[in-house]
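Each chain gets a letter, A, B and so on, in the order the sequences are listed, and its residues count up from 1. Because the structure is predicted, anything quoted here is derived from the model rather than measured.
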Protein chains: 2
Amino acid sequence: MKIIKIAIADDEALFRKGMKLILNAYQEFNVEIEAEHGVHLIEQLRAANELPDILLLDLKMPEMNGIEVAKVVQKEFNEIKIIVLSTHFSRAFVINMIELSAVAYLPKNSQPTEVAETIKAVYEKGFYYNNDVLGMIRENIISKTKAKANFEFDLTAREKEILQLICEQYTAPEIAEKLFISPRTVDGHRNNLLSKLNCKNVAGLVVLALQHKIVQIPLRY
Amino acid sequence: MKIIKIAIADDEALFRKGMKLILNAYQEFNVEIEAEHGVHLIEQLRAANELPDILLLDLKMPEMNGIEVAKVVQKEFNEIKIIVLSTHFSRAFVINMIELSAVAYLPKNSQPTEVAETIKAVYEKGFYYNNDVLGMIRENIISKTKAKANFEFDLTAREKEILQLICEQYTAPEIAEKLFISPRTVDGHRNNLLSKLNCKNVAGLVVLALQHKIVQIPLRY
DNA sequence: ATCAAAACAGGTAGAATTACCTAGACATTC
DNA sequence: GAATGTCTAGGTAATTCTACCTGTTTTGAT
């Protein structure tokens with residue numbers, strides 16, 4: 001019987017050790033690499049003479065978070081299948097990780113048997129999506145065309161308007177001129193946006209606006 | 001026990017009758033509508049006082065083909081779950097049907113038991129994708145992001161790095177510190193980006209970077 | 001009619017961006 | 001060896017952004 005080699009990257013030592021115990025209880029699994037953050041993981045992978053088959057990857061880690069790790073692994077160690085561990089389970093997030101070539105998505109509160117089944121399925125079929133994830137994927141495909149209104153942030157109509165224009169590369173004075181208001185007012189609205197959306201600067205606003213389709217920007221080339 | 005009401009649309013009478021016999025052999029299924037092409041199907045649906053739960057839809061039909069039918073059904077009879085029957089099994093085709101809200105995709109040479117299982121799964125979970133279809137969906141998600149990035153713009157590695165950090169809301173001084181270079185150098189790179197990508201400001205850079213997936217940004221809330 | 005929220009607008013100040021320059025170090029290519 | 005391209009980094013200046021204030025007017029809802 002072929003033994004499935006597993007790497008675990010998670011900053012919580014307890015979780016990591018627990019998972020290792022659980023997995024090593026199966027004779028077909030062997031946890032070969034443990035890392036408390038991305039940098040450590042990458043180091044170990046580069047040093048390893050035999051790569052793991054599967055990487056259980058926590059998203060929230062210090063030093064180098066799961067997304068950065070996924071990118072490096074995807075580039076340097078493409079053969080390793082990434083199974084994402086997370087408490088975060090929103091559609092956009094899951095889709096994002098699949099785009100980063102995650103082959104499965106496991107909630108952190110999963111049962112040990114689910115984890116084992118997922119690993120086996122990934123090893124055999126190359127990927128495994130449970131019904132929740134499948135539903136999200138489906139919604140994602142279907143909703144691609146629809147521009148859904150956004151209720152998650154309570155922006156006022158004016159704020160959305162300002163946000164839209166910011167995304168269209170207008171500066172505050174330009175927006176002011178366009179809307180026949182004072183530049184200071186535009187400033188005020190932008191500050192409210194930064195505060196409401198918890199962003200550092202316009203870059204953050206634009207990212208959020210696009211990710212959540214709060215604004216519509218025609219594709220440019 | 002709830003009986004699952006089924007409609008079959010297929011131009012081949014033999015296939016249609018055969019399928020009907022097979023399905024009606026299960027006591028939980030009842031084939032209520034048969035149609036040899038789309039027009040006929042739509043007519044029957046409009047006349048029906050009780051809509052079917054599931055529509056087995058052949059794609060190749062005279063008069064009105066499966067894709068047009070799917071569009072009409074999606075619009076007028078949204079509750080009906082469409083299971084696509086086809087010999088045609090290319091990725092683009094399958095994805096296209098899912099976008100048209102097909103909830104399952106069955107090869108025409110499937111085993112009767114597979115058909116029955118698919119129908120049950122659809123009735124219970126709302127959709128059912130077998131491994132082939134799942135693989136296609138997965139490829140579709142991944143291929144969207146890959147490839148392109150490098151082609152359309154010739155950004156240097158350093159420029160992409162800077163662009164990434166800009167999108168992550170780092171200011172020039174912060175980026176400089178992160179990369180151990182002078183803030184002025186970061187300035188230079190950003191200016192090159194603005195010029196190369198023909199943008200007015202960072203907002204434009206971020207929009208372009210996200211639209212063309214030059215960078216990967218974790219979803220935020 | 002009253003209250004709260006939103007939109008409006010100004011002050012001040014420091015940080016950052018943007019737009020022009022110039023130019024050396026280094027690697028690759030012809 | 002020269003040409004090219006990239007990364008590096010500095011000068012100068014105007015503009016813009018960001019973060020704190022303050023306040024009035026308008027609007028919508030109870």
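- Among dC7(D), dT18(C), dT18(D), the nucleotide with an atom closest to any side-chain atom of L194(A) is dT18(D).
- The separation between F180(A) atom CZ and dC8(C) atom P is 13 Å, rounded to whole Å.
- In this entry the distance linking CD of Q169(B) with P of dT18(D) reads 10 Å, nearest Å.
- Annotation: the span from I33(A) atom CD1 to H40(A) atom NE2 amounts to 9.0 Å, rounded to 0.5 Å.
- Counting only heavy atoms from C-beta on, A172(A) has its side chain closest to dC17(D) among dA16(C), dT18(C), dC17(D).
- Minimum atom distance to the side chain of N191(B) is reached by dT18(C), of the listed dT18(C), dT17(C), dA9(D).
- If you check every strand for non-hydrogen atoms under 4.0 Å, P173(B) touches sugar and phosphate atoms only.
- Side-chain nitrogen and oxygen atoms of T185(A) include none within less than 4.0 Å of the OP1 or OP2 phosphate oxygen of dC8(C).
- You'll find that the side chain of S182(A) is closest to dG10(C), out of dC17(D), dC8(C), dG10(C).
- No hydrogens or angles were tested; on distance alone, a donor-acceptor pair under 3.5 Å links the side chain of R184(B) to the base of dT12(D).
- For NZ of K200(A), the number of neighbouring non-hydrogen atoms (other residues, nucleotides, ligands) closer than 6.0 Å is greater than 12.
- The shortest distance between the side-chain N/O atoms of H189(B) and the OP1/OP2 oxygens of dT6(D) is not below 4.0 Å.
- With rounding to whole Å, L205(A) atom CG is found 14 Å from dT17(C) atom P.
- When the nucleotides dC7(D), dA9(C), dT18(C) are ranked by their closest atom to the side chain of I181(A), dA9(C) comes out on top.
- In this structure, N192(B) and D187(B) both approach DNA chain D, and ranking their closest nucleotides by distance from the 5' end singles out N192(B).
- The CD1 atom of I175(A) sits 16 Å away from the C1' atom of dA9(C) (whole-angstrom rounding).
- By the neighbour-count criterion of 12 heavy atoms within 6.0 Å, atom CD of E177(B) is sparsely surrounded, having that number or fewer from other residues, nucleotides or ligands.
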Problem - Worked check of salt bridge (Lys or Arg N to Asp or Glu O under 4.0 Å) between R16(A) and D58(A) - result: CA-CA 10 Å; R16(A) 214 165 57 232; D58(A) 184 27; over 6 Å; no
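- Residue Y170(B) contributes atom OH, which lies 15 Å from atom P of dA16(C) at whole-angstrom precision.
- Taking atom CG on L179(B) and atom C1' on dT8(D), their separation rounds to 12 Å, with Å as the unit.
- A straight line from CD of E161(A) to C1' of dA6(C) spans 14 Å, rounded to a whole angstrom.
- Computed from coordinates, the E177(A) CD to dT16(D) C1' distance equals 15 Å when rounded to whole Å.
- In terms of heavy atoms, E32(B) sits closest to E50(B) at OE1-O, 4.5 Å.
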